[in-house]
Amino acid sequence: MSKNIWLLTEERPKKAVIQAILKRFCAEFGVEYVGDIKILPVISPEGRFQFRYKVIGFEAELVKEIFILPVSGYSSFVDFMLFYQDEQPTDKDKPLLLIEETKTDDVESRNTGVYQRCSKFVFTEFFYPNVQKIMLYNRQIPQKVKPTLTYIFGTRMLLTLDVEIIGKSLDPEIFRPFSRLDELIDLKNSMPKPYNGVPVRIKKEQDKIYISAKLEKAGRLAHDPNIGMVAIMAACIRKLGWSGEIIITKHGLADQSVVGNKNKFNFIAHEHEIELEGITLPNVTLPDKYWKVEKEKEKAGTIFVHVICENLVDGVSIYENHGGSERGYFWDHSTIPPMYEAVKKYTNREEYKSGNKEAIVYIPDLVLLDVKRNEIINIEGKTYKNRLKGVQELSNYVYFELNYIQHYYKDSKLAVGLVLAGSGNAEVAKQIPELILYLDDKGNITLGDRAPQLVKDAVEKLSSL
DNA sequence: CTGAGTCGTCATTTCATGGT
DNA sequence: ACCATGAAATGACGACTCAG
C-alpha cells in the first residue's frame, strides 16, 4: 500500500510541526520515522505556483508524496488535517487525522492552556465524526511537573472525547477518560473556588444540568476559554448518556442582541442542545462546507516567500507574524544556539493605556536574513487590493528596525518592501517601487524591480524544480 | 468603495488570596 | 515575600459582512 499524504493548514508549514505529524502518522502504521525534510513549492511547467507545497526527504514505503495544501476554514478550523489518499482532497473526503497545536503549558495559563482549544474538537466532530483527533503540545519550555486540577479536568474531558494528547507525558493513573457522568461532575465541583470571577460549578437535577460559567467578553459572546470549556463539557455530558437539559447560568450576557448569529458557540449549542439562562439562542444551521483551498489571502504571499527563501537559498527567518495571532519572537542568529526575544507591544505602555495609540510597536509580517550577503529584508504582506495601505505601513517600522533589527544586526544592510497576494494586475503591481514580489491568484510570480537579491535568487531556482 | 462592526485566533498578563 | 491556582482581562489583526 502506498498513497499520498495531504496536509491541509491555514498556517505556515513549520518543519518541526510537520515532522511531529509525520512521526505520528508513521506510528499509526507501526513504522519508524526517518528523514530530514525540506519544503518546496510545486511549480507548473509554465512557472506558475500550484498553491501547494511538497515535502521531500521523507522515505517510507507507505507514502508516495507529501503535499501541503494551504486552505481556509469557513468557521472554527483545526490547525491541520491529514488526508491519506492519492487525489487532492475535496470536501467529500474524510481525513485520517485532525490535529490542533498549542505552545501554552499549564504553568503559563491554566484555562487557555487546555480549555481554549477544546471547541475545535467539538466543532469538527459535526463534519468528521469518529476521525482520530490529536492535541499536539509544541512546548518551548519544560512541562510542569505537578499538573493543576484545571489541567487534569480539561485533559480528562479531551480523553473522554477520544482526543489523543502528544507532546506531553501523562500519568495514566491520573489522566483517564471519564466513564460516568457523576465522576466528571464531582471532579469539577471538588475544585477549590477561585478568589475572583464566576466559579464553574455543575448542578444536576432530575432532568436538568446547570453549569455556571461566564461567556461574556467585551459585552459579547466571545469568552474564548469558557466557550471551549462549555463546549467540551456539554459534549462529554452528552457522550456519557445525558439527554436532559443543559443550561448555562451566570453567563453575563445581557440579552439576545449580544449573542450574534454565526458565532461558533451557536452552532455547538444548537447541535448539543445547550441553553443559556434567560436567552433564546438563534436557530442556526451548520455551514455546509468546512474548508476551501486558499489562494487570495495576504499570507499566501508571505508564506510563499518565506518557504522559498529558507528552502532554496540561504535565507533565515528572524521574525514572522503571518496572520497576526501567534506569539512573535525576534531571533538573534549571531549566537549559537540562536537566542530569541519576545517583541514588545508598546513603546510606552503607560502612554498607550492612557490613550496614546501611537505608543504601539508596529510590527512587520516577515523579516528574513540573507546570511551570505548579510542583508536583512523587512517585509510587509498585503493583498493586492490593499497594496497602497501596505506602502503607507512601511514607514511605521522605525521603532522595530531601530530596537530589534539594528540592535541585533548592527552591521547588516537593511531592505524594506512589500509582498502582495491575490487577484490583481501584475503590471500595476510592478509600478510600485517598494514591491518585492507579487503572487496572484493564478500562481503567477512577479518580482519587483528592486527586489533583494535573496528573493531574486530563490525565484530563479524555481524553474529548476 | 469606505468604514464600522463582527468573528476567529492565540498568547500573555493580571487578579485575588491561601499556603509555605 | 513569594508561589500556586482558577478565572478573567487584554489585545493584535486579518477576513468578512453590511450599510451608506
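Chain letters run A, B, ... following the sequence lines, proteins first and then strands; every chain starts at 1.
Between the side chains of Y399(A) and K344(A), at least one donor-acceptor pair of N or O atoms lies under 3.5 Å.
The two residues P338(A) and H333(A) come nearest to each other via the heavy atoms CG-ND1, 3.6 Å. The minimum heavy-atom distance between T302(A) and G381(A), with the atom names listed, is CG2-CA, 3.6 Å.
For D365(A) and dC13(C), the CG to C1' distance is 10 Å, given to the nearest whole Å. As rounded to whole Å, 13 Å separates atom P of dG8(B) from atom CG of L215(A). Rounded to whole Å, atom P of dC10(B) lies 18 Å from atom CE of M229(A). Remark: C1' of dT9(B) and CG of N226(A) are 16 Å apart, rounded to the nearest angstrom. Atom CG in D105(A) sits roughly 13 Å away from atom P in dA4(C) (whole-Å rounding). Distance CZ (R201(A)) to P (dA7(C)): 7 Å, rounded to an integer number of Å. As rounded to whole Å, 13 Å separates atom C1' of dT9(B) from atom CD of E101(A). Between the P atom of dC1(B) and the CZ atom of R387(A) lies a distance of 10 Å, rounded to the nearest Å.
Counting any heavy atom pair closer than 4.0 Å across all strands shown, Y346(A) reaches sugar-phosphate atoms only and no base atom. Residue T150(A) is in sugar-phosphate contact alone, with no base atom involved, counting any heavy-atom pair closer than 4.0 Å across all strands shown. Within 4.0 Å of K144(A), counting heavy atoms only, lie sugar-phosphate atoms of the nucleic acid but no base atom. Residue K146(A) is out of contact with every strand shown, counting any heavy-atom pair closer than 4.0 Å. When heavy atoms are screened at a 4.0 angstrom cut-off, K188(A) is found touching the sugar-phosphate backbone but no base atom. In this structure, D106(A) reaches neither bases nor backbone, as no heavy-atom distance under 4.0 Å exists between it and the strands shown. The residue V200(A) sits close only to the backbone: its heavy atoms come under 4.0 Å of sugar-phosphate atoms, none of a base. Within 4.0 Å of Q116(A), counting heavy atoms only, lies at least one base atom of the nucleic acid. Counting non-hydrogen atoms under 4.0 angstrom, S109(A) reaches a base of the nucleic acid. Residue E100(A) is in sugar-phosphate contact alone, with no base atom involved, counting any heavy-atom pair closer than 4.0 Å across all strands shown.
For the pair K289(A) and Y74(A), the cation-pi test (distance below 6.0 Å, angle within 45°) is failed. Taking the ring axis of F175(A) as reference, the NZ or CZ atom of K168(A) does not stay both within 45° of it and closer than 6.0 Å to the ring centre.
Remark: K385(A) is not in phosphate contact with dT2(B), judged by side-chain N or O atoms under 4.0 Å from OP1 or OP2. At the phosphate of dA4(C), neither OP1 nor OP2 sits under 4.0 Å from any side-chain N or O atom of T148(A). Between T383(A) and the phosphate of dG14(C), there is no side-chain N or O to OP1/OP2 separation shorter than 4.0 Å.
Distance from the side chain of Y195(A) is smallest to dA16(B) among dC16(C), dG6(C), dA16(B). The nucleotide whose nearest atom lies closest to any side-chain atom of R220(A) is, among dC7(B), dC10(B), dG8(B), dC7(B). Comparing dC13(C), dC10(B), dT13(B) against the side chain of I363(A) picks out dC13(C) as the nearest. In this structure, of dG14(C), dA9(C), dG6(C), it is dG14(C) that holds the atom nearest to the side chain of E298(A). Nearest nucleotide to the D224(A) side chain, out of dA7(C), dC10(B), dT17(B): dC10(B). Looking at the side chain of N196(A), the nearest of the listed nucleotides dG6(C), dT17(B), dC16(C) is dG6(C). Residue K292(A) has its side chain nearest to dC16(C) when only dC10(B), dC16(C), dG14(C) are considered. Which of dA9(C), dA15(C), dT9(B) sits closest to the side chain of S76(A) comes down to dT9(B). Taking the side chain of K264(A) as heavy atoms from C-beta on, and the options dA7(C), dT9(B), dC16(C), the nearest nucleotide is dT9(B).
The existence of a salt bridge linking E310(A) and K15(A) is excluded, since no basic side-chain nitrogen approaches an acidic carboxylate oxygen closer than 4.0 Å. The residues E320(A) and K14(A) are annotated as not salt-bridged, no charged nitrogen and carboxylate oxygen being separated by less than 4.0 angstrom.
You'll find a donor-acceptor pair under 3.5 Å spanning the side chain of N111(A) and the base of dA8(C), going by distance alone. Looking at K217(A), its side chain comes within 3.5 Å of the base of dG11(C) through a donor and an acceptor atom. If you check distances only, the side chain of N263(A) never reaches the base of dG8(B) with a donor-acceptor pair under 3.5 Å.
Take the nearest nucleotide of DNA chain B for Y74(A) and for P225(A): the residue whose nucleotide is more 5' is Y74(A). Each of E380(A) and K262(A) lies near DNA chain C, and the nucleotide nearest E380(A) is the one positioned closer to the 5' end. Nearer to the 5' terminus of DNA chain B, by closest-nucleotide assignment, is the contact made by S119(A) (compared with the other of R110(A) and S119(A)).
Aromatic ring centres of F330(A) and Y408(A) lie closer together than 6.0 Å.
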